[in-house]
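Encoded as structure tokens, the structure appears first; notes follow it.
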Number of protein chains: 2
Amino acid sequence: MVLTYLMDIPALQSDPTSEADRTVVRDPLPTQGSLDFRVIELFFFAYREFTGDADEILIRYGFGRAHHRVLHFVNRDPGLTIAELLDILQITKQSLSRVLRQLLDESFICQIPGDEDRRQRRLYPTQKGRALAVELSEAQVRRIESALAKTSDEDMRPIAAFLKAMASDRESAREWFERKDISWKDPE
Amino acid sequence: MVLTYLMDIPALQSDPTSEADRTVVRDPLPTQGSLDFRVIELFFFAYREFTGDADEILIRYGFGRAHHRVLHFVNRDPGLTIAELLDILQITKQSLSRVLRQLLDESFICQIPGDEDRRQRRLYPTQKGRALAVELSEAQVRRIESALAKTSDEDMRPIAAFLKAMASDRESAREWFERKDISWKDPE
DNA sequence: TAAATAGGTCAGCACCATTGACGTAATTTC
DNA sequence: GAAATTACGTCAATGGTGCTGACCTATTTA
């Protein structure tokens with residue numbers, strides 16, 4: 001009669017899922033039922049193609065998406081500090097370090113101590129880093145321009161407004177949009 | 001005089017980057033120069049928030065994005081085969097296996113042999129799997145509806161057209177949109 | 001009966017992210 | 001001027017997601 005005290009402890013069962021929960025569901029979630037899946041799925045497939053363009057190029061350099069993101073923002077905002085970059089990317093410094101190390105070692109990026117605060121290691125692209133950033137962006141812009149080929153300036157407004165509304169929960173994103181004037185307020 | 005034959009082989013240098021390539025670049029890539037970065041960056045920040053909503057929920061279940069994607073498409077198209085799922089997700093069966101194994105072991109999904117072809121293991125959600133899929137989609141739909149709150153039916157057209165054009169390079173995506181009627185052709 | 005197909009699995013590897021702990025140099029604060 | 005804070009670097013361990021390659025079973029098809 002040893003160990004009978006273990007018998008009724010649910011945590012020791014391998015799978016606590018009830019019979020009801022295991023019931024097979026055969027009907028699909030409809031495209032437009034109580035939930036509308038259209039934008040969810042369009043967004044998923046669209047973003048996959050969007051990143052795929054750059055991914056193909058990155059492979060040739062032995063890099064991944066993380067390298068791309070760092071290279072992108074360093075080129076868009078040369079002289080930014082590590083802290084600013086971490087804030088934009090929303091990752092930890094340990095995550096950044098490996099990726100940044102490679103970009104530094106291979107001379108796509110360089111570090112220059114801050115003038116006022118010499119603890120800072122401000123990040124700048126090299127010519128080589130600039131060239132790669134441009135190559136990557138060209139690929140993405142090609143897809144975007146192709147997708148927007150038949151879009152009027154008028155129709156561009158709701159598209160930008162939608163993306164901006166999706167993105168603007170986070171202060172760091174709002175601040176970036178403001179500082180870099182990401183808007184369609186007055187095209188000409 | 002041993003090993004002098006190694007001296008002029010570029011591949012043996014630790015860093016073949018030229019001095020010119022190493023030159024520091026201090027000017028930022030402008031938002032709207034020869035390349036327009038606005039959509040690129042809006043898309044990046046928007047997608048990060050979009051996936052973040054689901055990520056928070058998934059952590060509570062010990063799952064990641066890969067689990068979400070499998071669960072999503074199994075719920076949207078119950079009875080699909082492994083091959084069909086791989087085609088939609090564009091991954092290898094080895095990548096799928098770990099993730100699918102967990103969803104099966106924890107009874108979020110179940111497999112039923114095909115009626116005509118008994119080699120197939122068609123995938124169906126359980127009640128439990130359906131509940132989680134709905135929970136995840138509700139979070140994403142909340143953000144989307146909030147972002148589209150002030151958008152007219154009229155303005156929805158260009159948004160959908162843009163996303164669809166971005167996504168439709170791949171046959172598997174086009175086929176999905178068609179079969180699941182992902183469109184805004186006639187709202188009412 | 002032999003070949004092709006649907007799927008499963010094992011092993012090993014790469015990439016990208018995490019937390020936690022510890023170190024160094026520069027700046028601020030008291 | 002000493003102490004605390006800040007900016008950044010790094011080491012170690014872990015988890016999730018993808019890959020290739022190889023090999024396996026069961027079933028269907030030729």
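All chains are named by letter (A, B, ...) in the order of the sequence lines, taking the proteins before the strands, and each is independently numbered beginning at 1.
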Indicate whether OP1 or OP2 belonging to [N] is found under 4.0 Å from a side-chain N or O atom of [X].
| X | N | answer |
| --- | --- | --- |
| R65(B) | dT17(D) | no |
| S97(B) | dT9(C) | no |
| R69(B) | dG18(D) | yes |
| S95(B) | dT17(D) | no |

Is [X] touching bases, backbone alone, or none of the nucleic acid, heavy atoms closer than 4.0 Å?
| X | result |
| --- | --- |
| E116(A) | sugar-phosphate |
| Q90(A) | sugar-phosphate |
| H67(A) | sugar-phosphate |
| Q111(B) | sugar-phosphate |

Which listed nucleotide ([options]) is nearest to the side chain of [X]?
| X | options | value |
| --- | --- | --- |
| R119(A) | dA22(D), dG18(D), dA25(C) | dA25(C) |
| A66(A) | dG18(D), dG9(D), dA17(C) | dA17(C) |
| R118(B) | dG18(D), dG7(C), dT28(D) | dT28(D) |
| I82(A) | dC8(D), dT18(C), dC19(D) | dC8(D) |
| V99(B) | dA22(D), dT17(D), dA17(C) | dT17(D) |

**Request:** Report yes or no: is the cationic atom of R170(A) (NZ for Lys, CZ for Arg) closer than 6.0 Å to the six-membered ring centre of F45(B), at no more than 45° off its axis?
**Result:** no

**Message:** Taking the cut-offs as 6.0 angstrom to the six-membered ring centre and 45 degrees off its axis, would you call R69(B) and F44(A) a cation-pi pair?
**Reply:** no

**Prompt:** Looking at the rings of H67(B) and Y61(B), which for Trp means the six-membered one, are their centres under 6.0 Å apart?
**Reply:** no

**Prompt:** Starting at the 5' end of DNA chain D and moving along, which residue's nearest nucleotide shows up first, R121(A) or R98(A)?
**Reply:** R121(A)

**Message:** Quick check: do D153(B) and W184(B) have side-chain heavy atoms less than 4.5 Å from each other?
**Reply:** no

[N] [atom2] sits how many Å from [X] [atom1], rounded?
| X | N | atom1 | atom2 | result |
| --- | --- | --- | --- | --- |
| I91(B) | dG16(D) | CD1 | P | 16 Å |
| L100(A) | dA17(C) | CG | P | 13 Å |
| L86(B) | dT9(C) | CG | P | 14 Å |
| I112(B) | dA6(C) | CD1 | C1' | 17 Å |
| D115(B) | dT27(D) | CG | P | 14 Å |
| L123(B) | dA6(C) | CG | P | 14 Å |
| Q120(A) | dG9(D) | CD | P | 11 Å |
| D105(A) | dG9(D) | CG | C1' | 13 Å |

**Message:** Between S183(B) and R38(A), is there a side-chain donor-acceptor contact under 3.5 Å, judged purely by atom types and distance?
**Reply:** no

**Asked** Under 3.5 Å, is there a donor-acceptor pair linking the side chains of R65(B) and T51(B)?
**Response** yes

**Prompt:** Which residue, L96(B) or G62(A), contacts DNA chain C at a nucleotide closer to its 5' end, judged by nearest heavy atom?
**Reply:** L96(B)

**Item:** D117(A) vs R122(B), nearer the 5' end of DNA chain C by closest nucleotide
**Value:** R122(B)

**Message:** Once hydrogens and angles are ignored, does a donor-acceptor distance under 3.5 Å link the base of dG20(C) to the side chain of Q94(A)?
**Reply:** yes

